[in-house]
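These numbers come from a predicted model, not from an experiment. Each chain gets a letter, A, B and so on, in the order its sequence line appears, and its residues count up from 1.
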Number of protein chains: 2
Amino acid sequence: MDAALHESPARMLARAGIEATPLRLAVVGAMAGAGRALPAGDILALVRRLRPANRVTLYRILDLLVEKGLARRHSAGDRAQRYCLEPGTAGAPHGHAYCVRCGAMQCLPQGAGLADVAALGAGLAMDVLSVEVRIDGVCAACRESKGRPAGAAVDGDPGNS
Amino acid sequence: MDAALHESPARMLARAGIEATPLRLAVVGAMAGAGRALPAGDILALVRRLRPANRVTLYRILDLLVEKGLARRHSAGDRAQRYCLEPGTAGAPHGHAYCVRCGAMQCLPQGAGLADVAALGAGLAMDVLSVEVRIDGVCAACRESKGRPAGAAVDGDPGNS
DNA sequence: CCGACAATGCAACAAAGTTGCATCACAAAG
DNA sequence: CTTTGTGATGCAACTTTGTTGCATTGTCGG
Ligand SMILES: [Mn+2]
Ligand SMILES: [Mn+2]
Ligand SMILES: [Zn+2]
Ligand SMILES: [Zn+2]
């Protein structure tokens with residue numbers, strides 16, 4: 001996609017008040033421009049194309065990114081949490097489309113359809129913190145390829161740590 | 001709550017084409033009238049007030065209920081899936097309000113705020129199967145009690161199996 | 001060089017769910 | 001009444017995903 005639209009990983013970390021380290025830059029780089037929310041395992045595989053990386057450290061970095069507001073954590077139908085970068089400008093939430101076949105979780109354009117869900121939360125006798133909207137289904141790629149799941153996962157074998 | 005509003009567990013199973021067994025009746029009974037989506041662990045604890053029950057069998061029963069359309073499985077912010085009975089009449093989806101503090105997941109009234117989310121799914125190059133809407137926040141009970149979480153869990157010790 | 005302090009790595013652990021296989025219950029057949 | 005088949009249940013081991021405690025490394029101010 002159009003790389004010019006994206007801030008550099010270094011700037012993103014700076015904006016969130018997180019000290020830049022090689023691993024953190026690699027993690028943010030892996031998530032940037034994906035256009036979808038990735039499970040920790042996929043992010044780890046992507047980062048390991050560039051450098052060795054420890055599983056636990058990755059989880060700690062992801063926790064930090066979420067805590068500092070740079071990333072969001074989303075639950076899908078399966079057991080793994082997905083992480084996607086907050087769209088640059090603000091904390092406006094966005095929904096996701098989850099393929100129950102291949103596990104891909106596409107980020108949807110901001111604001112789409114979420115307005116009245118947020119309104120719904122307002123009447124709830126609850127301090128609303130966030131709103132999760134997920135559309136489950138079978139993605140176009142998986143609908144075609146009847147056989148194996150379409151974009152099943154990031155390649156690259158396991159191993160290190 | 002008003003028990004007269006609820007179908008009997010036996011009837012629910014019959015309607016879904018599931019053979020009734022004592023355990024299955026107990027499971028459906030535990031879920032019925034809860035008004036919220038319960039994690040498997042809570043359902044197990046409730047069932048065990050009545051009879052011994054095996055963890056694996058419970059998971060198999062829950063899978064069966066979901067497969068036959070009698071129950072729905074929902075993911076929350078934590079690692080445990082929640083299960084709630086489909087409201088009697090139809091497959092109309094409903095959203096949930098999840099308390100990040102005590103883990104309670106309240107079922108919201110049907111239709112509330114989900115109309116345009118469903119519409120959003122229609123434009124998606126994806127075979128839409130279902131729509132998940134979850135409002136995360138801190139429930140009223142937890143907001144008051146600053147100390148320990150409010151409705152933390154179903155009581156009853158672990159043990160059996 | 002020295003100590004402080006954050007980042008990383010490693011091993012063990014934990015929670016939730018799954019798998020394979022043994023057993024049980026019960027009904028139909030002989 | 002006994003045999004035999006089938007689905008439901010139980011049990012142990014395992015997998016996946018994430019977490020915790022603690023050791024090690026690296027960096028920066030003095
Ligand atoms: Mn996203
Ligand atoms: Mn519900
Ligand atoms: Zn797919
Ligand atoms: Zn609560």
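Heavy-atom distances to DNA chain D give each of A/Q81 and B/P22 a nearest nucleotide, and the one nearer the 5′ end belongs to B/P22. With DNA chain D read from its 5' end, the first of the two nearest nucleotides for A/R82 and A/E19 is the one closest to A/R82. Take the nearest nucleotide of DNA chain C for B/R60 and for B/A80: the residue whose nucleotide is more 5' is B/A80. Both A/L64 and A/V56 lie near DNA chain C, and the one whose nearest nucleotide falls closer to the 5' end is A/L64.
If you take CG of B/D78 and C1' of D/dG18, they are 12 Å apart, rounded to a whole angstrom. Rounded to whole angstrom, the span from the CG atom of A/D42 across to the C1' atom of D/dT17 amounts to 13 Å. When rounded to the nearest whole Å, the span between CD1 of B/I18 and C1' of D/dT9 equals 16 Å. Put simply, CG on A/L62 is 9 Å from P on D/dG18, counting in whole angstrom units. Note: CG (A/D63) to P (D/dG18) measures 10 Å, nearest angstrom. The nearest whole Å value for the distance from the CD1 atom in B/I61 to the P atom in D/dG10 is 8 Å. The interatomic distance linking A/L23 (CG) with C/dA6 (P) rounds to 18 Å, in whole Å. Straight-line distance from the CG atom of B/L58 to the P atom of C/dG17: 9 Å, rounded to whole Å.
Note on B/R24: a side-chain N or O is less than 4.0 Å away from OP1 or OP2 of D/dA8. Contact between the side-chain N/O atoms of B/T21 and the OP1/OP2 oxygens of D/dG7 is not found at any separation under 4.0 Å. A/Y59 has a side-chain polar atom (N or O) that falls below the 4.0 Å cut-off from OP1 or OP2 of D/dG18. For C/dG17, the OP1/OP2 oxygens have no side-chain nitrogen or oxygen of B/R55 closer than 4.0 Å.
Counted by atom type alone, B/R73 and B/Y83 present one or more donor-acceptor pairs between their side chains at under 3.5 Å. Counting only N and O atoms by type, the side chains of B/Q106 and B/H96 include no donor and acceptor under 3.5 Å apart. Of the N and O atoms on the side chains of B/S75 and B/R82, not one donor lies less than 3.5 Å from an acceptor on the other residue.
Under the 4.0 Å criterion applied to side-chain N and carboxylate O atoms, B/E7 and B/R15 are assigned as salt-bridge partners.
Note that CG of B/D127 and CD1 of A/I135 are 13.0 Å apart. Values are rounded to the nearest 0.5 Å.
Within the 4.0 angstrom heavy-atom criterion, base atoms lie near B/T57.
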